[in-house]
Each structure stands twice: as structure tokens, then as C-alpha cells.
Amino acid sequence: MTVVTDRASLATARAALTGTVALVPTMGALHEGHLSLVRSAKAAGADHVIVSIFVNPLQFAPGEDFETYPRDLDADVTALRSEGVSLVFAPTREVMYPHRVRVTVSPGPVAGILEGASRPGFFDGVLTVVTKLFHLTTPDIAVFGEKDYQQLTLIRQLVTDLDFGIDIVGAPTVRDADGLAKSSRNAYLSTPQRELALTLSRALHAGAADTVDPLGAASTVISDAGDAVELDYLELTSPDLGEPVAGDQARLLVAATVGSTRLIDNIAVTLSPEFTAHSSPRVHS
Ligand code: AMP
């Protein structure tokens with residue numbers, strides 16, 4: 001496994017990779033969820049997997065956790081080596097953004113809802129860095145987690161609408177045994193906060209189990225947790241996030257803050273014919 005931090009070394013190492021190449025973009029502090037993406041890349045036919053590790057300043061707003069975001073390159077490299085990754089690209093900010101940022105990618109309407117409503121500019125930052133990583137690593141396949149479902153949706157739109165010619169693979173969310181979605185930000189949680197954080201996955205599973213009123217079932221679990229789980233949004237949408245719910249497939253998405261840690265999660269929901277969109281398709285705090 002080769003680890004590179006600058007563009008020239010990346011170009012040389014990339015040129016040496018033959019066959020089908022997959023990219024797995026990450027911000028590091030790797031956990032089982034990230035490692036599952038490497039396995040998904042191989043299952044999708046990759047001969048070589050490139051993992052990028054870069055905490056992208058463009059997707060953090062002032063006051064968010066850019067400075068404190070967990071970083072542990074040595075542990076990440078060790079984990080990736082044991083997964084059989086071919087190449088790790090871990091650039092500095094100066095390598096990724098050698099100039100003042102002028103041109104960015106405009107993500108379109110799906111970026112204005114859910115995460116985008118709470119974090120303006122977030123998806124411009126995500127799609128811009130992913131575009132740069134695609135150009136720098138020229139993959140055939142790129143793998144993203146369903147954990148960040150809106151991000152996955154927007155990346156599919158990016159490669160389709162702007163003709164990137166890269167196959168996007170979505171990988172299922174990896175959870176701890178008690179249901180909590182694995183996240184680098186879980187490291188911020190104290191033991192009692194971690195218990196409260198379980199409210200999100202419990203709410204989603206309650207929602208998925210109620211095919212008539214998933215939003216009501218999920219909402220009850222969140223309300224029962226009290227004020228310590230500060231709800232940002234709980235929404236039931238179409239699987240492509242673009243249309244009101246129609247047909248029997250939907251996605252239930254939640255964001256909430258516990259302590260000072262903002263957590264997101266989502267789940268697929270199959271609706272029964274008795275489902276009606278009720279009075280409101282979304283619950284906000
Ligand atoms: P991040 O390092 O948080 O930017 O995440 C990098 C990639 O890993 C993204 O495609 C995420 O959706 C994915 N990811 C993060 N957490 C999980 C998880 N628990 N299960 C599966 N994929 C995940």
C-alpha cells in the first residue's frame with residue numbers, strides 16, 4: 001500500500017494502478033463503516049481501491065467542528081493496509097486548495113432541504129471536493145455510504161448531470177450492536193450522551209416497523225427522549241429526495257443534536273397501501 005500526500009506522487013502512484021479502480025473518499029478517523037466501503041468497492045469489481053483522507057474545510061461552516069474533528073492518520077493507514085487498499089491519498093489543505101477558492105459546484109434543489117437547510121453551503125463544499133478528488137484519482141467506481149443519504153443522492157446527481165462517467169455505489173449503514181450508526185463524531189459522546197444518541201436509530205426502526213404511520217411512530221420515540229435530544233428534522237421523503245412520497249418506497253431521515261454533537265441517520269421504509277401522507281410529511285423541532 002502506498003501513502004501519498006502530494007499531487008505529483010498521487011499521479012505517479014495512480015498511473016501504476018491497472019484494471020478497475022475504485023475511490024472511497026473519507027475524512028479519516030476511520031471505523032468499520034468506512035472499512036465496509038472498501039469491501040463494497042471490491043465486491044463491485046475493483047481491482048484496486050484508493051482511499052482519500054481529507055477533512056475538507058469547504059464543508060464546515062464557522063462554529064462547526066473543523067478544528068476539533070478527530071484525526072488519526074497512523075491508525076487509519078494501519079486499518080486500510082489490513083483491508084488490502086492499494087493507495088491512500090492524504091493531502092494537506094494547501095495541496096487540495098493551493099489557490100483561493102473561486103469556482104465551486106452548485107448542487108441544485110436537493111441541497112436546499114434536510115442537511116442543506118440546516119447547513120447552508122455544506123453540499124457545495126462536498127460536491128466541490130468530491131469533484132476535485134474524482135479528477136485527481138480518475139476512478140471507474142466511487143463508493144459512498146447510505147449513512148449520508150442526501151450526500152449519496154447528490155453525488156449520483158453530480159455524476160449523472162455533469163457526465164463524470166463514474167459508477168457510484170451506495171453501501172449500507174454499519175451500526176454498533178445496539179443500533180447506533182457508526183460515525184467519527186460518536187467519539188465526542190459521553191456514555192450518557194451515547195445512550196441518548198440511540199434515540200435516533202430507535203426512532204428510525206420504530207418508523208420502519210410502522211408501515212401506516214412511520215413518521216408518527218418515529219416522532220413518538222423522539223418526543224419520549226425529552227429535551228436532551230434536540231431534534232433538527234425528522235422527514236419522510238421519496239427515495240430520491242426530490243418528490244413527495246408516492247408508491248410504497250420511502251426514506252425516513254433524522255438529524256438531532258445531543259450535547260453539542262450533531263448526529264444524522266436514515267432508513268428505508270416500505271409503506272402499506274393504508275399509508276396516507278397525513279397532514280404533514282415532516283416534523284421539525
Ligand atoms: P466521512 O469520513 O464521515 O466523510 O465518511 C466517508 C464515507 O463513509 C461516506 O461515504 C460516508 O457515508 C461513509 N460512512 C460513514 N459512516 C458510515 C457508516 N456507519 N456505515 C457506512 N458508511 C459510512
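All values derive from a computational prediction rather than experimental measurement. Just follow the structure's listing: the first ligand is 1, and inside any ligand the first atom is 1. Residue numbers count from 1 along this sequence.
A salt bridge between D265 and R175 is present, with a side-chain N of the basic residue lying under 4.0 Å from a carboxylate O of the acidic one. Ion pairing of E146 with R156 is absent here, as no side-chain N (NZ or NE/NH1/NH2) approaches a carboxylate O to less than 4.0 Å. A salt bridge links R39 to E32: at least one charged side-chain nitrogen sits closer than 4.0 Å to a carboxylate oxygen.
In the vicinity of P25, heavy-atom distances shorter than 4.0 Å reach the ligand 1 atoms 6 (C), 7 (C). Every atom of ligand 1 with a heavy atom of K182 under 4.0 Å away is listed here by number and element: 16 (N), 17 (C), 18 (C), 19 (N). The ligand atoms of ligand 1 that sit less than 4.0 angstrom from a heavy atom of F144 are 10 (O). Within ligand 1, the atoms closer than 4.0 Å to a non-hydrogen atom of L37 are 7 (C), 8 (O), 10 (O), 13 (C), 22 (N), numbered from 1 in the order shown.
Of the listed residues (E32, H34, M27), the one carrying the non-hydrogen atom nearest atom 5 (O) of ligand 1 is H34.
Using modelled atom types and a 3.5 Å distance limit, the side chains of E235 and T237 yield no donor-acceptor pair. Of the N and O atoms on the side chains of E64 and Y69, not one donor lies less than 3.5 Å from an acceptor on the other residue. For D232 and S118, the side-chain atoms include at least one donor-acceptor pair closer than 3.5 Å.
Using a 4.5 Å cut-off between side-chain heavy atoms of Ile, Leu, Val, Met, Phe, Trp and Tyr, with links allowed through other members, V101 and F122 fall into the same hydrophobic cluster.
Partner of R194 under the side chain to side chain donor-acceptor pair (under 3.5 Å) criterion, out of T261, D176, N186: D176 alone.
Closest to atom 20 (N) of ligand 1 among all protein heavy atoms lies V174 N, 2.8 Å. From the protein, the heavy atom lying nearest to atom 11 (C) of ligand 1 is D148 OD2, 3.0 Å. In terms of protein heavy-atom proximity, atom 10 (O) of ligand 1 is closest to G145 N, 2.9 Å.
Polar contact check, T26 against ligand 1: no nitrogen or oxygen pair lies under 3.5 Å apart. For ligand 1, the polar-atom distance check against A181 finds no nitrogen or oxygen pair separated by under 3.5 Å.
Within the structure, the closest approach of P172 to ligand 1 falls below 4.0 Å when heavy atoms are considered. In this structure, H31 counts as a contact residue of ligand 1, since one of its heavy atoms falls inside 4.0 Å of the ligand.
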